[in-house]
K.L.:
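Got a structure here, written out as structure tokens. Questions coming.
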Amino acid sequence: MLKLDIKTSSNYTVTIDNSLNSFNEAVMPIIAGKKIAVICDENAKKLHIKGLKKALKGQNCYFITVKSGENSKSSKNYISLVEKLASLSFTRSDCVITFGGGVVGDLGALVASTYLRGITLVAMPTTLLSAVDSSVGGKTAINLKQGKNLLGTFYQPKAVYINTEYLQTLPNRELLSGYGEIIKYAFIDASVNYYDVKYGNYETLIYKCLKIKNAVVSKDEKEGGLRKILNLGHTFGHAIESLSSYSISHGECVVKGIKLAIELSKSLYNLDAQKVEEMYNLLTVKGHNLDVDFKMEDVIKQIYNDKKRQKNSISFIAVKDIGKVEIENILIENLTF
Ligand SMILES: NC(=O)c1ccc[n+]([C@@H]2O[C@H](COP(=O)([O-])OP(=O)(O)OC[C@H]3O[C@@H](n4cnc5c(N)ncnc54)[C@H](O)[C@@H]3O)[C@@H](O)[C@H]2O)c1
Ligand SMILES: [Zn+2]
């Protein structure tokens with residue numbers, strides 16, 4: 001079992017274990033005696049709720065299921081969840097546990113952060129992506145019909161509990177998605193290296209990635225500057241994700257996005273061929289496909305829709321070396337390949 005203390009506007013601990021053995025010690029003191037709404041992803045519930053129900057035995061729990069998929073991060077679900085809490089007479093001293101991937105994590109956290117102006121939140125991420133990324137950092141969100149993640153808050157949980165046993169049932173696509181973000185961390189900070197990504201066990205790998213995320217977020221919780229480096233690969237990645245109509249997973253698109261970031265960085269920093277090869281080896285260590293099956297002009301057109309765009313330029317995260325990235329402001333018209 002590993003523990004990581006997260007330092008933000010409010011501090012909390014992430015517990016990473018390969019079972020629910022430390023749940024009692026890590027989470028119970030925060031939730032005991034409260035009414036608990038467990039907002040569950042339908043697949044995570046089907047596969048893993050039995051153990052959690054046992055761990056929560058004797059508590060006043062309501063299990064609420066949310067359909068799997070990005071469409072669930074909707075205003076309709078958001079309103080229906082807060083109304084559910086109201087109809088169950090949840091008070092300020094009650095709490096929400098999110099049990100699922102980033103979809104349920106983002107949605108449930110927005111519910112917890114806004115219901116009665118904020119009630120206790122505990123996150124239990126069940127996908128690799130949510131374990132290494134979305135469960136820490138305090139961003140909550142739902143999608144509007146005008147775009148993804150347009151409505152949200154910054155809100156920190158009181159605890160995050162990661163049971164890596166849950167990751168055993170993830171389909172390959174979801175594993176590749178999570179590993180895409182892990183590879184991103186390896187490009188940002190050399191404390192996660194090629195061998196960690198290739199051979200590392202989940203507990204250690206998640207711990208190391210979250211340590212990197214925490215180091216960044218604790219210095220810039222609301223993305224004024226430094227936090228932008230966590231968007232490495234995301235400007236291009238989001239464009240590809242959207243052009244593929246979300247048929248390619250987020251993390252796989254991030255890896256393709258990092259590949260394009262490397263292509264641009266080659267000329268920015270005169271990277272030598274051996275260095276670039278080393279970068280490509282890291283990008284493909286888990287078998288990610290680097291092909292971009294769209295015209296670059298379409299990818300760039302799509303970038304015009306990026307919410308992080310400022311007029312005609314974007315904050316682009318470039319790669320100087322493995323473990324060293326830079327924020328570069330670049331004119332979109334200069335994005336040439
Ligand atoms: N808040 C943040 O900082 C942040 C960061 C990155 C991504 N996100 C958001 O996270 C979301 C993506 O998260 P995700 O990749 O976890 O997707 P997800 O929540 O859709 O989960 C992926 C799939 O895995 C299934 N699943 C969940 N746990 C499982 C398990 N243990 N075994 C088998 N199947 C399981 C789900 O039902 C779903 O089909 C996006 O909406 C994205 O915007 C948020
Ligand atoms: Zn991402």
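In each ligand, atom 1 is the first atom listed, and ligand 1 is the first ligand listed. Since the model is a prediction, treat every value here as computed from it, not as a measurement.
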K.L.:
I want to confirm something. Looking only at heavy atoms, which of Val254, Leu129, Asp41 is nearest to atom 12 (C) of ligand 1?
P.N.:
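Considering heavy atoms of Val254, Leu129, Asp41, the nearest to atom 12 (C) of ligand 1 sits in Leu129.
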K.L.:
When you measure from the heavy atoms of Lys148 to every atom of ligand 1, does any distance fall below 4.0 Å?
P.N.:
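It does; at least one heavy atom falls under 4.0 Å.
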K.L.:
Are more than 12 heavy atoms, taken from residues, nucleotides or ligands other than Asn71, located less than 6.0 Å from that residue's CG atom?
P.N.:
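Check fails, neighbour count at 12 or below.
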K.L.:
Does an N or O from Lys73, backbone or side chain, lie closer than 3.5 Å to an N or O of ligand 1?
P.N.:
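Min N/O separation from ligand 1 is below 3.5 Å for Lys73.
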K.L.:
Parallel, tilted or perpendicular: which describes the rings of Phe316 and Phe236, with under 30° parallel and over 60° perpendicular?
P.N.:
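Plane angle over 60°, so perpendicular.
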K.L.:
By number and element, which atoms of ligand 1 are closer than 4.0 Å to a non-hydrogen atom of His48?
P.N.:
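Listed by number with element: 31 (N).
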K.L.:
Among all protein heavy atoms in this structure, tell me which lies nearest to atom 39 (O) of ligand 1, with the distance rounded to 0.1 Å.
P.N.:
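Here the nearest protein heavy atom works out to Ser68 OG, 3.3 Å.
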K.L.:
For ligand 1, note which part of Thr140 has a heavy atom under 4.0 Å away: side chain, backbone, both or neither.
P.N.:
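Looking at Thr140 and ligand 1, no heavy atom falls under 4.0 Å.
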K.L.:
What class does the angle between the rings of Tyr199 and Tyr195 fall in, given that below 30° is parallel, 30 to 60° is tilted and above 60° is perpendicular?
P.N.:
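If you compare the ring of Tyr199 with that of Tyr195, the planes turn out parallel.
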K.L.:
Would you please determine whether Glu174 falls within less than 4.0 Å of ligand 1 on a heavy-atom basis?
P.N.:
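It does, in that a heavy atom of Glu174 comes within the 4.0 Å cut-off of ligand 1.
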K.L.:
Judged by atom type as modelled, is there a donor-acceptor pair below 3.5 Å linking the side chain of Lys259 to the main-chain atoms of Leu283?
P.N.:
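No, the answer is negative, given that no donor and acceptor are paired below the 3.5 Å cut-off.
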K.L.:
Please round to the nearest 0.5 Å and tell me the distance separating atom CD of Glu328 and atom CG of Leu268.
P.N.:
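If we round to the nearest 0.5 Å, Glu328:CD and Leu268:CG are 5.5 Å apart.
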K.L.:
For atom 6 (C) of ligand 1, grab the closest protein heavy atom and report residue, atom and distance to one decimal in Å.
P.N.:
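That would be Asp133 OD2, 3.6 Å.
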K.L.:
Just wondering, are more than 12 heavy atoms of other shown residues or ligands nearer than 6.0 Å to NZ in Lys222?
P.N.:
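No - once you tally the heavy atoms of other residues, nucleotides and ligands closer than 6.0 Å, there are 12 at most.
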K.L.:
For the residue pair Ser10 and Gln156, confirm or rule out a side-chain donor-acceptor distance under 3.5 Å.
P.N.:
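The answer is no; no qualifying pair exists.
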K.L.:
Which protein non-hydrogen atom lies closest to atom 18 (P) of ligand 1, naming both residue and atom, and how far is it?
P.N.:
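Going atom by atom, the protein heavy atom closest to atom 18 (P) of ligand 1 ends up being Val103 CG2, 3.9 Å.
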K.L.:
Would you mind running through ligand 1 and noting each atom that sits below 4.0 Å from a heavy atom of Lys139?
P.N.:
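The list of qualifying atoms is 1 (N), 3 (O).
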K.L.:
Dump the intermediate steps for side chain to side chain contact (heavy atoms under 4.5 Å, CB included) on Arg227 and Val216, then the final yes or no.
P.N.:
CA-CA 6 Å; Arg227 188 169 177 167; Val216 174; 4.3 Å; yes
K.L.:
In this structure, are over 12 heavy atoms from other groups packed under 6.0 Å from Lys211 atom NZ?
P.N.:
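Count not over threshold, so no.
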K.L.:
Taking side chain as C-beta onward, heavy atoms only, is Leu128 less than 4.5 Å from Glu174?
P.N.:
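Of all side-chain heavy-atom pairs linking Glu174 with Leu128, none is under 4.5 Å.
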K.L.:
Could you list which atoms of ligand 1 come closer than 4.0 Å to a heavy atom of Leu47?
P.N.:
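Ligand 1 atoms under the 4.0 Å threshold to Leu47: 32 (N), 33 (C).
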K.L.:
By number and element, which atoms of ligand 1 are closer than 4.0 Å to a non-hydrogen atom of Thr126?
P.N.:
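Checking each atom against Thr126, I get 27 (C), 28 (N), 29 (C), 30 (C), 31 (N).
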K.L.:
For ligand 1, is any non-hydrogen atom under 4.0 Å from Glu70's backbone (N, CA, C, O), its side chain (CB onward), both, or neither?
P.N.:
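The side chain, only.
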K.L.:
With a 4.5 Å heavy-atom cut-off, do Asn289 and Ile248 have their side chains touching?
P.N.:
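Asn289 vs Ile248: side chains apart.
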K.L.:
At less than 4.0 angstrom from any non-hydrogen atom of Asn149, what atoms of ligand 1 do you find?
P.N.:
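Answer, ordered by atom number: 43 (O).
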K.L.:
Among protein heavy atoms, which sits nearest to atom 35 (C) of ligand 1, and what does the distance come to when rounded to 0.1 Å?
P.N.:
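The closest heavy atom on the protein side is Leu170 CD2, 3.6 Å.
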K.L.:
Can you tell me the protein heavy atom closest to atom 21 (O) of ligand 1 and the distance?
P.N.:
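Of the protein heavy atoms, Thr127 CG2, 3.6 Å lies nearest.
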K.L.:
Taking the ring centre of each residue, are Tyr166 and Tyr202 less than 6.0 Å apart?
P.N.:
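They do not qualify: ring centres at least 6.0 Å apart.
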K.L.:
How far is atom 4 (C) of ligand 1 from its nearest protein heavy atom, and which residue and atom name does that atom have?
P.N.:
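Scanning the protein heavy atoms, the shortest distance from atom 4 (C) of ligand 1 goes to Ser134 CB, 3.1 Å.
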K.L.:
Answer side chain, backbone, both or neither: which part of Leu167 comes under 4.0 Å from ligand 1, heavy atoms only.
P.N.:
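No part of Leu167 is near ligand 1 at this cut-off.
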K.L.:
Quick one, Leu107 with Leu110, criterion side chain to side chain contact (heavy atoms under 4.5 Å, CB included). Give me CA distance, side-chain angles, the key distance, then yes/no.
P.N.:
CA-CA 5 Å; Leu107 170 70; Leu110 178 65; 5.9 Å; no
K.L.:
Taking distance alone, with N or O pairs closer than 3.5 Å, would you say Asp106 contacts ligand 1?
P.N.:
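Yes; at least one N/O pair falls below 3.5 Å.
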K.L.:
Looking only at protein heavy atoms, identify the closest one to atom 10 (O) of ligand 1 and say how far it is in Å.
P.N.:
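Atom 10 (O) of ligand 1 sits closest to the protein heavy atom Gly102 CA, 3.2 Å.
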K.L.:
With the side chain counted from C-beta on, respond yes when Ile36 and Cys95 share a heavy-atom pair under 4.5 Å apart, and no when they do not.
P.N.:
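They are in contact (side-chain heavy atoms under 4.5 Å apart), so the answer is yes.
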K.L.:
Ignoring angles and geometry beyond distance, decide whether Gly69 reaches within less than 3.5 Å of ligand 1 through its nitrogen or oxygen atoms.
P.N.:
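In fact, backbone or side chain, Gly69 has no N or O that close.
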K.L.:
Determine which of the N, O or S atoms in Glu181 is closest to the Zn ion (ligand 2) and give its atom name.
P.N.:
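Sorting the N, O and S atoms of Glu181 by distance to the Zn ion (ligand 2) puts OE2 first.
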K.L.:
Can you tell me the protein heavy atom closest to atom 33 (C) of ligand 1 and the distance?
P.N.:
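Checking every protein heavy atom, the shortest distance to atom 33 (C) of ligand 1 gives Thr169 O, 3.3 Å.
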